[in-house]
Amino acid sequence: MKKLFGYIIPFFFLGCDFTPSTTTENLAPIAEEKLYRPYLHFTPASNWMNDPNGMFYFNGKYHLYFQHYPDKNVWGPMHWGHAKSEDMIHWEEQPIALYPDEKGYIFSGSAVVDHNNTSGFGKEGKTPIIAMFTHHNMDKEKAQQVDVETQSIAYSLDEGKTWTKYAQNPVIENPGIRDFRDPKVFWHESSAKWVMVLAAHDQVMIYNSPNMREWTYLSAFGKGIGNHDAVWECPDLFELNVKGRSQSKYVLLVSNSRKSPNSGSATQYFVGDFDGKEFILDPSFKEELIQKKDFWMDFGKDNYAGVTWQNTQTHAGDKYLIGWMSNWEYATKVPTVGWRSAMTLPRTLSLHPHDSSYRLVSQPVKTLKEYREELKTMESQPIDQEMLLYQGEVAGIEMEFTLDRPHAGKIFFVLSSDLGEHLDFGYDADKEVYFIDRTQSGRVDFSPTFANQRSIAPRFSASEKIKGRVIVDKTSVEVFWDDGMTTLTETFFPTRPMHKLKIKSTNEKGMLHDFALYDLKSNKGENK
Ligand code: FRU
C-alpha cells in the first residue's frame, strides 16, 4: 500500500498538468511527503530542524536531540527536539526537550551521563543526564551587543525525557566574544574532570569542570590553523585508537558554515594530542596542514555540524557521529513543505595511519546492514560505455562494488527517473577526483548554488582497485569511497522517483567487480 501511494500520488499530481515544477507550491503536500520523506534517515515529523545536539547512549537507547523550530519550516526560535533509537537507524520522535526562555533561544550543545553524580543533581539513586547548551539572546543580538551567547545547563532524571534548567544559569558568562557557542562535553579520565570545547569565533576554547556547574578556562586552539573562511561552529574533541597500532590520538572536529571546498557548510578535522588542558597538533598532521591547508571529514555539500555520541565506551572504542544533512547556503529553501531537512546516516569514525600522518575515516554504522534486502549481485563485468544495473525503484537502496581504477576518462553511476532527471557520481580519472553531479537531478533552481557545479573530492588511496559503498534514500546520496577514506554526502530533489541505475565508463573499458545491490526500505516504517 505504502509503495502504491508512494508512486501513484506523485504521478497523479504531477502528471495531470506537467510542467517541470520548481516551487514548493506546485507539489501538493502528500506528494512531497511521499516523494521526499526518507525511508531511513531521521527527519522531524514537522517543521524545521538543523544541528544534531546532546547525543548520548544510556540503558540500550541512543538519544538524539536537534535544533528545532516546531512552528515553521524555516529557522526560528530554537528548541531542542528529541528522538530515541535502539540502533541509530530507526528513530522515534519524542516530545520537545528544551524550550526557549527569557535567557534566549536554545542553541547547539551536548549531553553527558553523570554516572558518579558529580553534579549533585542526582536524586534517589537516579543517574542525572546533564545537557550543556548555548543560550542565544535575540534582544541582545538585535541591539548589536557582543555578549549575546552564554553557556547554560539543564538536567534530566528520567533518561532524557524531561529537563530542568539550572536555576543559576548561565554557568559561563560571555567573555566579550560575539560568536561563543556550541559546548561539547566529555569525561576526561586521567584528569578526572569534565572537559568542554566550544567555538569562539575563529578558535576553539577548552574548559574543565569537576561538577558541570563551575567551569575553568584552560586554553584555545586554532587561530590561523586550518580553514578560516567562515566562523567556527560546533566543535567536538574525542579520542580514537589508531587502526593497527597500540596508540591513540585526539581528533578535533570544527564546522565552518560557509565557503567550504565545494561551497557552503562543511566540517574540518585536526589530529593531535590532549593532556587534559591543551590540544596540540600532531607534528606529522601539522606538516600536512602547512602544505594542504585543510582536512575535511566529508566533501559533499550536505553534512554539517556533525558531532559524536557520548557514553558509548562500552562499544569497543567506537565513536558514532551524525551530521545535519543540509547546508546554510540553501537549507531554508529546499523544496520540502511539511518538514525541512534530515540527518545523515550515523557513522562510525576511525583513525587510520596514512603516509606519515593520519586520516579520519567514516563508515555507516553496522546496524544499517540489518535493513538490507538483496536485489541483485554480480561478479566481474566489463563496462563497455554503459550498462543497465537495475530497473525498478531505486529510491531507497544501498550498493557495494569494486572498480578497476581507470587512468583516463570517468567511471560513474547514474540514477535516473522517467523525466530524464539524473544524479551522477563516480571517479574522474583525468582530475583524480571523486564527484557527485546533481546539476540535472530535478528541482535545483531554488538556490543559485545548490547545483551550479558538481562537487569533487580528492582520492587519498593509491590502490588500483576503487571500492565504493553508496546509500540512496529518496533525497540523499552518501558515498563512502576506499572504505570510507573519502566521503561525499549530498541531497537532491527529483520531481519523480528515481527508477533506473546505470554505470557508465568513458574512454577506456571499465571493470565492475563484486557488485551488490540492496533494497533499504525500512520494514519498520518511515522515520519521523
Ligand atoms: C550551526 C549553528 C550553531 C548554532 C545553531 C543555531 O549550524 O549555527 O553554531 O548553535 O546552528 O541553530
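Whatever order the structure lists ligands and atoms in, that order sets their numbers, starting from 1. Residue numbers start at 1 and run along the sequence shown.
Remark: minimum distance from atom 6 (C) of ligand 1 to any protein heavy atom is reached at Gln67 OE1, 3.2 Å. For atom 10 (O) of ligand 1, the nearest non-hydrogen atom of the protein is Asp182 OD1, 2.6 Å. Atom 7 (O) of ligand 1 has as its closest protein heavy atom Asp51 OD1, 2.7 Å. Counting only heavy atoms of the protein, atom 8 (O) of ligand 1 lies nearest to Glu233 OE2, 2.8 Å.
For the pair Thr134 and ligand 1, no heavy-atom separation below 4.0 Å is found. Within the structure, ligand 1 has Trp328 among the residues with a heavy atom less than 4.0 angstrom away.
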Requested in this report: Please test Thr150 against Asn174 for side chain to side chain donor-acceptor pair (under 3.5 Å), starting from the C-alpha separation and ending with a verdict.
Outcome: CA-CA 5 Å; Thr150 52; Asn174 187 291; over 6 Å; no
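Defined by atom type and a distance below 3.5 Å, a donor-acceptor pair is present between the side-chain atoms of Asn50 and Trp48.
Taking CZ from Arg469 and CG from Asp482, the interatomic distance works out to 14.5 Å, rounded to the nearest 0.5 Å. Put simply, CG on Leu415 and CG on Asp424 are 8.5 Å apart, with the number rounded to the nearest 0.5 Å. With values rounded to the nearest 0.5 angstrom, Glu398 atom CD is found 9.0 Å from Phe480 atom CZ.
Listed by atom number, the atoms of ligand 1 under 4.0 Å from Met78 heavy atoms are 12 (O). Taking every heavy atom of Ser108 and a limit of under 4.0 angstrom, the matching atoms of ligand 1 come to 5 (C), 10 (O). For ligand 1 and Phe107, the ligand atoms under 4.0 Å from any heavy atom of the residue are 4 (C), 6 (C), 10 (O).
Partners of His68 by side chain to side chain donor-acceptor pair (under 3.5 Å), not counting sequence neighbours: none found.
More than 12 heavy atoms of other residues, nucleotides or ligands shown are found within 6.0 angstrom of NZ on Lys249.
With Trp163 as the partner, the ring-ring contact (aromatic ring centres under 6.0 Å, His included) test is satisfied by one option alone out of Tyr65, Tyr99, Tyr155: Tyr65.
Close N/O approach between Trp324 and ligand 1 is not found [any backbone or side-chain N/O within under 3.5 Å]. Below 3.5 Å of separation, one finds no N or O of Tyr304 facing any N or O of ligand 1.
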